[in-house]
Amino acid sequence: MRKLFAGTASASAPRIPDGERVFAIGDIHGRLDLFEALMGAIEAEDEKRGPAQTTIILLGDLIDRGPASLGVLALARQWQMERRAAGKAMHILMGNHEEMLIHSLDRIEVLRQFVQHGGRETLISFGIDEKTYTDASWEELHDLMQQVVTREWIDFIGTFEASLRIGDYAFVHAGIRPGVALEEQTPADLRWIREPFLSSEQPHGSVIVHGHTIIDKPEIRRNRIGIDTGAYQSGRLTALLLEGEEKSLLSTMVHEGQISVSFEI
């Protein structure tokens, strides 16, 4: 196992409250295969570690680009329902891709942007035939989208949250506007921002855990942790495990057609 942090934990290291455990999952983007495997790995690791108040957080962008957006939404909803029925916590944050999907239902100009950034795969996963999709005008595609993206999915996506804070960490989709309190961030910044957030070295009050910006491997900084490892193109989906002062990575990866699990501390 590879060491992510040099030295020992200090009294000033960010921490999760005693008795709690957090798993935050980066952008899934329609990779149901990786999501299913990572879900199983998380549940196994959680059980192995023993009793705790465990919270699962999906950092947004469950949909688009990958081949199984509807399947990812369905599994996320099922997992959340099962956990809540068992008295366990699971939060799903809204990413910019979920925002585009919802706004596309009302505005064709947003539908054009949605399709340009991977929405084609989402609409096909919802049941639009590929040839029908290809032959449709924008107006026809808009009508088809309104038919297949039913109220149950609109309502489910509508429950997605903007941000969450646990202990010394705050969880968002894209990042925050430096110098602005978390409670005062705009939805646009929480779901879309890159700069000046990514290059900022100033403290944010909490360590910001985020996705949205694809990186080859998780980026661990004093003020933020980025875990979007580009699952739809790289074949690697990453989760960050936080417990006390511990920070570990749990990933599922495709290699030669097989999915493997890696755990790094």
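All values below come from the heavy atoms of this structure, side chains included, with hydrogens, waters and symmetry mates left out.
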(message) Could you tell me if the side chain of I63 sits less than 4.5 Å from the side chain of F114, heavy atoms only?
(response) yes
(message) Between H212 and N96, is there a side-chain donor-acceptor contact under 3.5 Å, judged purely by atom types and distance?
(response) yes
(request) Measure the shortest side-chain to side-chain distance between E161 and F171 over non-hydrogen atoms and say whether it is less than 4.5 angstrom. (result) no
(request) Output yes when a side-chain donor or acceptor of S251 lies under 3.5 Å from a complementary backbone atom of S262, and no otherwise. (result) no
(message) Regarding Q258 and S260, do their side chains bring together a donor and an acceptor under 3.5 Å, going by distance alone?
(response) no
(request) Verify, without hydrogens or angle tests, whether R21 (side chain) and G50 (backbone) share a donor-acceptor contact under 3.5 angstrom. (result) yes
(message) Would you say CD of E152 has more than 12 non-hydrogen atoms from neighbouring residues, nucleotides or ligands within 6.0 angstrom?
(response) yes
(message) Looking only at the side chains, is there a donor atom on one of R224 and H204 sitting less than 3.5 Å from an acceptor on the other?
(response) no
(request) Please confirm whether the backbone N or O of A89 pairs with a side-chain atom of R83, one donor and one acceptor, at under 3.5 Å? (result) yes
(request) Report yes if some heavy atom in the side chain of I16 is under 4.5 Å from a heavy atom in the side chain of I166; otherwise report no. (result) yes
(message) Looking at G19, is its backbone amide N or carbonyl O close enough to the side chain of Q53 to form a donor-acceptor pair, meaning the two atoms are under 3.5 Å apart?
(response) no
(request) Check the surroundings of atom CZ in R221: do more than 12 heavy atoms from other residues, nucleotides or ligands lie under 6.0 Å from it? (result) yes
(request) Taking E130 for its side chain and I124 for its backbone only, find out whether a donor-acceptor pair lies under 3.5 Å. (result) no
(message) Under a 3.5 Å distance rule, please check whether E98 uses its side chain to pair with a backbone N or O of D61 as donor and acceptor.
(response) yes
(message) Using side-chain heavy atoms (C-beta onward) and a distance below 4.5 Å, is M81 in contact with R77?
(response) yes
(request) Answer yes or no: is there a donor N or O on one side and an acceptor on the other, between the side chain of R31 and the main chain of A231, under 3.5 Å? (result) yes
(request) Answer yes if V261 and I56 sit in the same cluster of Ile, Leu, Val, Met, Phe, Trp and Tyr residues linked by side chain heavy atoms under 4.5 Å apart, and no otherwise. (result) yes
(request) Give a yes or no answer on whether the side chain of E99 reaches the backbone of M94 with a donor-acceptor pair at less than 3.5 Å. (result) no
(message) Quick check: H210 with F197 (ring centres under 6.0 Å apart)?
(response) yes
(request) Please report the closest heavy-atom contact between D27 and L237, naming both atoms and the distance. (result) O-CD1, 3.5 Å
(request) Assess the side chains of E82 and Q78: does a donor N or O sit below 3.5 Å from an acceptor N or O? (result) yes
(message) Treating E246 as the side-chain partner and L241 as the backbone partner, does any N or O pair qualify as donor plus acceptor under 3.5 Å?
(response) no
(request) Please say whether more than 12 non-hydrogen atoms of neighbouring residues, nucleotides or ligands are located less than 6.0 Å from CG in D216. (result) no
(message) Tell me the closest heavy-atom pair linking I227 and I215, and the distance in Å.
(response) N-CD1, 4.3 Å
(message) Using a 6.0 Å cut-off, check whether atom CD of Q202 has over 12 heavy atoms from anything other than its own residue.
(response) yes
(request) Taking all non-hydrogen atoms of both residues into account, name the closest pair between E243 and E20 and its distance. (result) CG-O, 3.7 Å
(request) Please answer whether the main-chain N or O of S69 pairs with a side-chain N or O of T122 as donor and acceptor at a distance below 3.5 Å. (result) no
